[in-house]
Amino acid sequence: MRISVIGIGYLGAVHAASMAELGHEVIGLDVDRDRVAALQAGHAPFHEPGFDELLQRGLDSGRLRFTSDYAELADADVHFLGLGTPQLADGMGADLGHLRSAIASLTEVLPARGGAPTLVVGKSTVPAGTSRELAATLEQVDGARLMWNPEFLREGFAVQDTLVPDRLVYGVPSGDEQDERVAMLDAVYAPILERGVTRLVMGYEAAELVKVSANAFLATKISFINAVAEMCEATGADVTDVSRALGMDDRIGAKFLRAGLGFGGGCLPKDIRAFLASAEDHGVGDALGFLREVDAVNGRRRTRMVALAEETLGGLEGRRITVLGAAFKPDSDDVRDSPALEVASRLRAAGARVTVTDPEALRTAQRSIPGLCTVPDTQEALRDAELVLLLTEWREYRDLDPVATADLVASPRIIDGRAVLDPQAWREAGWEFRALGRPDSEAPEAPQDPGSSEGPVSSDEAITPGRVLFPSGVRVPA
C-alpha cells in the first residue's frame, strides 16, 4: 500500500521505517527540513537501538523516502499522524496545534484523489474527544475517513514494539468491527495480524483513553513504590524487600515496581497532567485528582536526591560531583524532563562542580543546559570526584567494578539513584554507599521489565543490527 507518515520525530520516523519494513511504499513528511534531509541521507536524529539499520534498509529498498511537501502525499491510501502533543505553555492540557494543522493541510491535497477511499490514522496521545473534532474537519473531503490507533512504544524498544506489538487498538466512531476503516488498517498491518497479534476495535473515545490511561497507571505504580520508599527511609526498612514481595503477587506484578529517582521523558509527565486537565474539562476532575500526588511524589524524588548528596558531603559549594547518566532512561538520548539532568542542574545551582557523562545523551544534554560540563569517557568523568551519583541505569554503569572505580575518585562515595548496584560489594570495596529507600541490603533482584521508564535495558533484549525480532524466525519482506 501507499502510506504517508506525517510528523517524523521519534514516533513517526520509527513508524515510517517499520511500515517500509512490512513492504509498503512509505513517504514521511515533516516541516523541519533539516530533519527531512538527515533522514533522507540515512542519519537518525535520535538514538534508538535497531533504528539506523531499519532506516537504511528502507532507503536502500526504495520503499522509504522523506519530504516537506504535502502535495507529494496526495496519492497515499493511508496517512498516519505521528505528531507531538506537548503540554500547553500556559496550562497542563495537551497542545493539539500540530494535529489540527496537519488535518488542515491534508484537506487541501486529498481532493486530488477524486473521492477514492482514504484513511487517516491518528497515533498521537490525545484527550478524549479529539478524534471526533478532527474527523468533523477531515471528513468534509469526499472519501476521507479518520480512525485512532494509539501507539505503545517504549524508548529503547520502539522498533520491536512497532513490529511485534502486544496488541493493536483501533478506534472508530461507533466501535463497529464491520466499519470499512477496520479492513483498510488490517491491510496495512497484515504481516503483524497474521502472527496472531490481538486486535481490539472500540469507539474513538475508548481508544484515546486506552493510551493515556496506560501511561497514567504506569506513572501511578512508579510513584506508589517511590512513596513507599519515603516510608522505608523513615522507618529503616529496605524498599527492595518490599517491592520484591509485592511483585510476587500476580494481582500486582513486578513491572514498574522498582523504587528510584522516578520517571521522566516526553510521555508520562505531560500525559498524566493532560489526563487530569481533560478530566476537569469533562467535569470529573475529582476522579483523577490523585494524579496530582503522583506527579508530586515523582518530583520529590529529585529533591530528595539533591538533599541526600548534600547530606553525604556536608555541603555542596565547590564539591566535585560526577553524575552518571543524562538521558531519562538507558538506551535513549532523550533528555526531556530527565530526572538525572534536573538533579545535575540543581546541584550546579547550589554551587557544586558537576560533571555529567552519558553514552548517548551528552549532545542533547548540552543543548538543554548550555555550559553543562560533560565528559564522554566514564573513567575520565569519575576522576577526582568526591561523590558519584548513578542516575541513569545504563548497563556500563551497572557493571562498574567498585574496586577499580575506587582508584579513580578522590573520595569513594556513591549514591545509587536507580537501585541497580550491590550495596555489599561496593561497601566491601571501601565505598560509602547510599541509595533512595535502602539501608544495608543484599543485591537487588534483576529488573523485571527492561523497557520500563524505571528499568535498565538489557543488551540481550535490544534489537540486533540487521534483524527484526519476529517470533519463530519470521522475517518481513527484504
Side-chain angles (χ1 to χ4, degrees), residues 1 3-30 32 35-61 63-67 76 78-85 98 102 121-125 149-169 185 188-189 191-192 197 211 214-215 265-267 327-334 336 360-361 364 450-453 457 461-470 476-477:
M1 296 183 74
I3 292 173
S4 88
V5 179
I6 301 171
I8 48 175
Y10 178 79
L11 161 63
V14 172
H15 196 73
S18 296
M19 293 304 97
E21 185 84 349
L22 293 180
H24 301 296
E25 181 182 335
V26 183
I27 181 169
L29 179 141
D30 204 284
D32 185 335
R35 176 170 292 171
V36 168
L39 286 166
Q40 188 63 50
H43 303 307
F46 50 80
H47 172 72
E48 176 62 33
F51 177 68
D52 288 359
E53 296 80 15
L54 195 72
L55 172 65
Q56 196 60 56
R57 287 202 298 274
L59 293 169
D60 290 346
S61 71
R63 291 193 298 267
L64 179 63
R65 63 190 181 92
F66 299 93
T67 185
V78 179
H79 303 270
F80 285 97
L81 305 177
L83 296 146
T85 54
H98 299 304
V121 184
K123 300 291 291 179
S124 310
T125 305
N149 171 224
E151 54 81 18
F152 302 95
L153 305 186
R154 300 166 297 166
E155 291 198 32
F157 289 84
V159 173
Q160 180 175 342
D161 288 345
T162 302
L163 293 170
V164 192
D166 52 15
R167 80 282 205 195
L168 291 169
V169 173
L185 194 54
V188 174
Y189 290 140
I192 295 173
V197 170
K211 170 61 176 178
N215 281 357
C267 293
F328 88 95
K329 67 173 292 184
D331 266 346
S332 172
D333 64 351
D334 193 345
R336 289 175 295 175
E360 296 290 344
T364 50
S452 78
S453 65
V457 173
E461 293 195 44
I463 299 292
T464 301
R467 71 185 181 99
V468 176
L469 298 185
F470 270 70
V476 293

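Hydrogens, waters and symmetry mates are skipped; everything else that's a heavy atom, side chains included, is used. The residues of the chain are indexed from 1 along the displayed sequence. Here the structure is a predicted model, which is why all the values come from computation and not from measurement.
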Go through the structure and list residues passing ring-ring contact (aromatic ring centres under 6.0 Å, His included) with H15, not counting sequence neighbours. F80

NE2 of H43 to CG of D52: how many Å apart, nearest 0.5 Å? 10.0 Å

Test item: H24 side-chain N/O and M1 main-chain N/O as donor-acceptor pair under 3.5 Å: yes

Could you report the tightest heavy-atom contact between G82 and S124, atom names first, then the distance? C-OG, 4.1 Å

Return the set of residues passing side-chain hydrogen bond (donor to acceptor under 3.5 Å, both in side chains) with S332 (not counting sequence neighbours), or none when no residue passes. E155

Assess whether side-chain contact (heavy atoms from CB on, under 4.5 Å) is satisfied between F152 and R167, documenting all intermediate values. CA-CA 9 Å; F152 302 95; R167 80 282 205 195; 3.4 Å; yes

Any donor-acceptor pair under 3.5 Å from D334 side chain to G265 backbone: no

Would R63 and E21 pass as an ion pair if we require N to O under 4.0 Å? no

Please round to the nearest 0.5 Å and tell me the distance separating atom OG of S18 and atom CD1 of I192. 8.0 Å

Under a 4.5 Å cut-off applied to non-hydrogen side-chain atoms, are N149 and K123 in contact? yes

Might you work through the side-chain contact (heavy atoms from CB on, under 4.5 Å) test for L59 and L39, ending with a clear yes or no? CA-CA 9 Å; L59 293 169; L39 286 166; over 6 Å; no

Using a 6.0 Å cut-off, check whether atom CD of E25 has over 12 heavy atoms from anything other than its own residue. no

For R65, what residues pass the side-chain hydrogen bond (donor to acceptor under 3.5 Å, both in side chains) criterion, not counting sequence neighbours? E72

Straight-line distance of I6 CD1 to L81 CG, nearest 0.5 Å: 5.5 Å

